[in-house]
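Since the structure comes first, as C-alpha cells, the remarks are kept for the end.
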Amino acid sequence: MAKKGNAAESKTRSSISIFVVLGLCCFFYILGAWQRSGFGKGDSIAIEVTKQTDCSILSNLNFETHHGDEAGKIADQFKPCDAQYIDYTPCQDQDRAMTFPRENMNYRERHCPPEGEKLHCLIPAPKGYATPFPWPKSRDYVPFANAPYKNLTVEKAVQNWIQYEGNVFRFPGGGTQFPRGADAYIDELASVIPFENGMVRTALDTGCGVASWGAYLFKKNVIAMSFAPRDSHVAQVQFALERGVPAVIGVLGTIKLPYPSGAFDMAHCSRCLIPWGANDGMYMMEVDRVLRPGGYWVLSGPPISWSINYRAWQRPKEDLQEEQSKIEEIAKLLCWEKKYEKGEIAIWRKRINHDSCSEQDSHVTFCEATNANNVWYKQMEACVTPYPKTTEPAEVAGGVWKPFPERLNAVPFRISSGSIPGVSDETFQEDDKLWKKHVKAYKRTNKIIDSGRYRNIMDMNAGLGSFAAALESPKLWVMNVMPTIAEKDTLGVIYDRGLIGIYHDWCEAFSTYPRTYDLIHANGVFSLYKNRQVSFGSASYLFNFRCEKFFYASDI
C-alpha cells in the first residue's frame, strides 16, 4: 500500500511540474511579445490618462469664460487623411516646392498652401508604426515602420550614416566628415571649444543630415538645433526626430533663419553644401547674426585644406582655392578670429565686442539699427549685424557667459539690462517659480512625464522658457516656440538660459514631420489667437504626433 501511495504522489508531482513548466513558457512567450511590441506600463498609463482627460476637450480650459459667444457650438470631427499623406509637411510639400525658383534654394524654403488647398483631416500613421525606443537607445535605433525609407542606406552606405537591419534602422554614429564616429570628431573639436566646463551649451547645425553630431553632443551636455531641407535625401530630419534629436526642416536660402540674434554658442557645418562665399557672404553674415559674441563657427569638409584634399574630393584645386579664399575674406570682414585648421576642419571665433575689431574693414556694411530679431519671412541681407553696445574694452557684448546649468535659472542679461520692456528680474523669478509649481502639478496628473517615455516635447507659447527649465532633464528636450504675434519677444531669453527654440506663426503648419513630438504643451495659445483665423486644422497634423500624446492647456 505504501508503494502505491508513493507512486500516486510522484504522479501528482509530475503533473504539477508539467503545469508549472507550461505556465512559465506561456508567461515568457507573452512577456517577449509584450517587449517586442514596444507597449509597456507607461503606454497603458498614457492611454488611461488620455481617456480621463479627453484629447478633444480639455478639462482645465475654460472656454466659456473667454469665448462665451461660441460656447454652444459643437466642434467638427476631423476624419483621417488618405494614406498618401502619412508624411505630409504642408509648408514643405515637394510638389508645391517644384513650382518655385531654384535660385538660392528658394524652392526649399517654406511655401504654405493657400486656404483652399489646406487639409482638414488627421494625418494617419504608417502601417506597423511602433512606439519609439526610449533615449538613449533611440539615438542608435529607429523602427523601420516609423520612417520606411531606405534611400539613405544606399546613398550613404560607405559613410556610416544609417544601416538597415531587420525591422530597424541602426545609426552607427558616423558621418561624411567623421567616418571614425561622432565621438572622435567631437573630441577633436573639444581641443579648441570648451565643451566640458558648460560654457558652450547651445549649437546650430546647418545641413545636419540625420543629426548624429547633435545626437552625440548630448554627452557633453550641449543641445543642438539641427536643420536640413526636405530634399532628395528623403526623411533626414524625420530620422533625427525619431532618434530623439532636436531638428526642423529648414534651409539657408533667401529668408532669415527663425532664431534671434546672439542665440547660439556655436554653429557647425559638416560638408553641408552651403555656398558660404556666395552672395557677398550673406550666409556667413546670417550665421554671425545668430552667434553670440565669443561664439564659435566650425566648418569641416571642402574647401578646407584644399591643397591636401583636392584629389580626394575630385574637384579642381583652383576652384577650391578660390572658395576658401572667399570664406577667409568674409571671416576677416566679420572680425572672426581663426583658432584652428587641421585636416578638413577649421574653427573661427567671433570677437567678444566691437572694440576687439580694430582690423575690421572700414567699408563693411552694417545692417540698419532696427529690430534684429524681426526675422519671420524677412529677406536675408548681405550686411553685418552690429554688436550690442559696451562701455569697457574687455566687456562681453550681450553679457558675460555663464556655464550651464548655472545659466538655466540665473537672470539673463537681456532682462537685467532692461532690453525687454515690461520684464524685470522680479518678473523672471516669479515666472520661474510659478512654472515649477505648474510642472509639479502636471507630474501629479501624468506620472510618466519624466520617466523617459516622453523625449521630444514642444511648448507652443514658451514665454520666458520656465516650463522647459522646470522640466530640464537628460531624458528629454523642449522645443520652445515663440509665436510671432506674441506681445513680448523673449526667445533670446530662452537661449540665454541654455535652452533652444524657434519663431513660428501658428496660423501655419510647423516645419516638421507628423508624429515627431511626444508631448505638446500650450499656455495662452488659444487666447493669443482667438481673433485670428488659426489653422488648427493643420494642428491635427501637429497633435497626431508620436502615439499617445498629452496637450496641457493652462489657458485660464
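In this text, all values refer to a predicted model and were calculated from it rather than measured experimentally.
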[X] to [Y] - nearest heavy-atom pair and separation:
X	Y	result
Arg201	Val222	O-CG1, 3.2 Å
Thr390	Ala397	CG2-CA, 3.6 Å
Ser451	Ile448	OG-O, 2.8 Å
Ala469	Asp432	CB-OD1, 4.2 Å
Leu471	Leu476	O-CD1, 3.5 Å
Thr385	Cys367	N-SG, 3.8 Å

Can [X] and [Y] be counted as an ion pair, charged N to O under 4.0 angstrom?
X	Y	value
Arg110	Glu508	yes
Glu286	Arg289	yes
Asp431	Lys436	no
Arg292	Asp265	yes
Glu472	Arg407	no
Asp450	Lys475	no
Glu328	Lys338	yes
Glu337	Arg349	no

Gap separating the [atom1] atom of [X] from the [atom2] atom of [Y], nearest 0.5 angstrom:
X	Y	atom1	atom2	value
Asn480	His521	CG	NE2	10.5 Å
Asn461	Met482	CG	CE	7.0 Å
Arg455	Ser473	CZ	OG	8.5 Å
Ile500	Thr202	CD1	OG1	9.0 Å
Met380	Ile255	CE	CD1	7.5 Å
Gln238	Tyr513	CD	OH	6.0 Å

Can you confirm if the NZ or CZ of [X] lies within 45° of the ring axis of [Y] and under 6.0 Å from the centre of its six-membered ring?
X	Y	value
Lys433	Phe428	no
Arg453	Phe133	no
Lys219	Tyr216	no

Candidate pair Trp135 and Phe218, rule ring-ring contact (aromatic ring centres under 6.0 Å, His included), full reasoning: CA-CA 11 Å; Trp135 183 267; Phe218 276 111; 5.4 Å; yes
Any side-chain heavy-atom pair of [X] and [Y] under 4.5 Å:
X	Y	value
Met479	Met225	yes
Val168	Val142	no
Pro293	Tyr387	yes
Thr484	His504	no
Leu499	Val478	no
Trp276	Cys269	yes
Asp187	Lys220	yes
Tyr442	Trp435	yes

From CA spacing to verdict: side chain to side chain donor-acceptor pair (under 3.5 Å), Arg139, Ser212: CA-CA 8 Å; Arg139 185 195 67 187; Ser212 286; over 6 Å; no
Hey, are [Y] and [X] close enough side-chain-wise for a donor-acceptor pair under 3.5 Å?
X	Y	result
Glu395	Asn353	no
Gln92	Ser511	yes
Glu242	Thr516	no
Trp477	Asn456	yes
Arg230	Thr89	yes
Asn146	Arg515	no
Gln163	Arg170	yes
Tyr377	Glu109	no

May I ask you to decide if [Y]'s main-chain N or O and [X]'s side chain share a donor-acceptor pair within less than 3.5 Å?
X	Y	result
Ser261	Ala372	yes
Tyr340	Val192	no
Trp161	Val210	no
Lys350	Cys335	no
Lys443	Lys440	no

Tyr185 vs Ser300, test: side chain to side chain donor-acceptor pair (under 3.5 Å). Steps then yes/no. CA-CA 10 Å; Tyr185 177 79; Ser300 64; 2.9 Å; yes
Give a yes or no on whether the ring-centroid distance for Phe239 and Phe169 is below 6.0 angstrom. yes
Listed once per pair and sorted, the side chain to side chain donor-acceptor pair (under 3.5 Å) pairs that draw on residues 410-428, sequence neighbours left out: Arg414-Asp496, Ser417-Ser419, Ser424-Glu426, Ser424-Thr427
ring-ring contact (aromatic ring centres under 6.0 Å, His included) against Tyr259, all qualifying residues, sequence neighbours excluded: Phe264
Kindly determine whether Ile304 and Ile345 satisfy side chain to side chain contact (heavy atoms under 4.5 Å, CB included), including the steps that lead there. CA-CA 6 Å; Ile304 300 304; Ile345 299 175; 5.8 Å; no
Working for side chain to side chain donor-acceptor pair (under 3.5 Å), residues Asp288 and Trp297: CA-CA 9 Å; Asp288 180 75; Trp297 185 53; over 6 Å; no
Let me see the working for Gln236 and Tyr149 under side chain to side chain donor-acceptor pair (under 3.5 Å), right down to the final yes or no. CA-CA 10 Å; Gln236 52 187 338; Tyr149 305 107; over 6 Å; no
Return yes when atom CD of Glu487 has more than 12 non-hydrogen atoms of other residues, nucleotides or ligands closer than 6.0 Å, and no otherwise. no
Tyr503/Asp489 under side chain to side chain contact (heavy atoms under 4.5 Å, CB included): CA gap, chis, key distance, verdict: CA-CA 9 Å; Tyr503 291 112; Asp489 175 9; 2.6 Å; yes
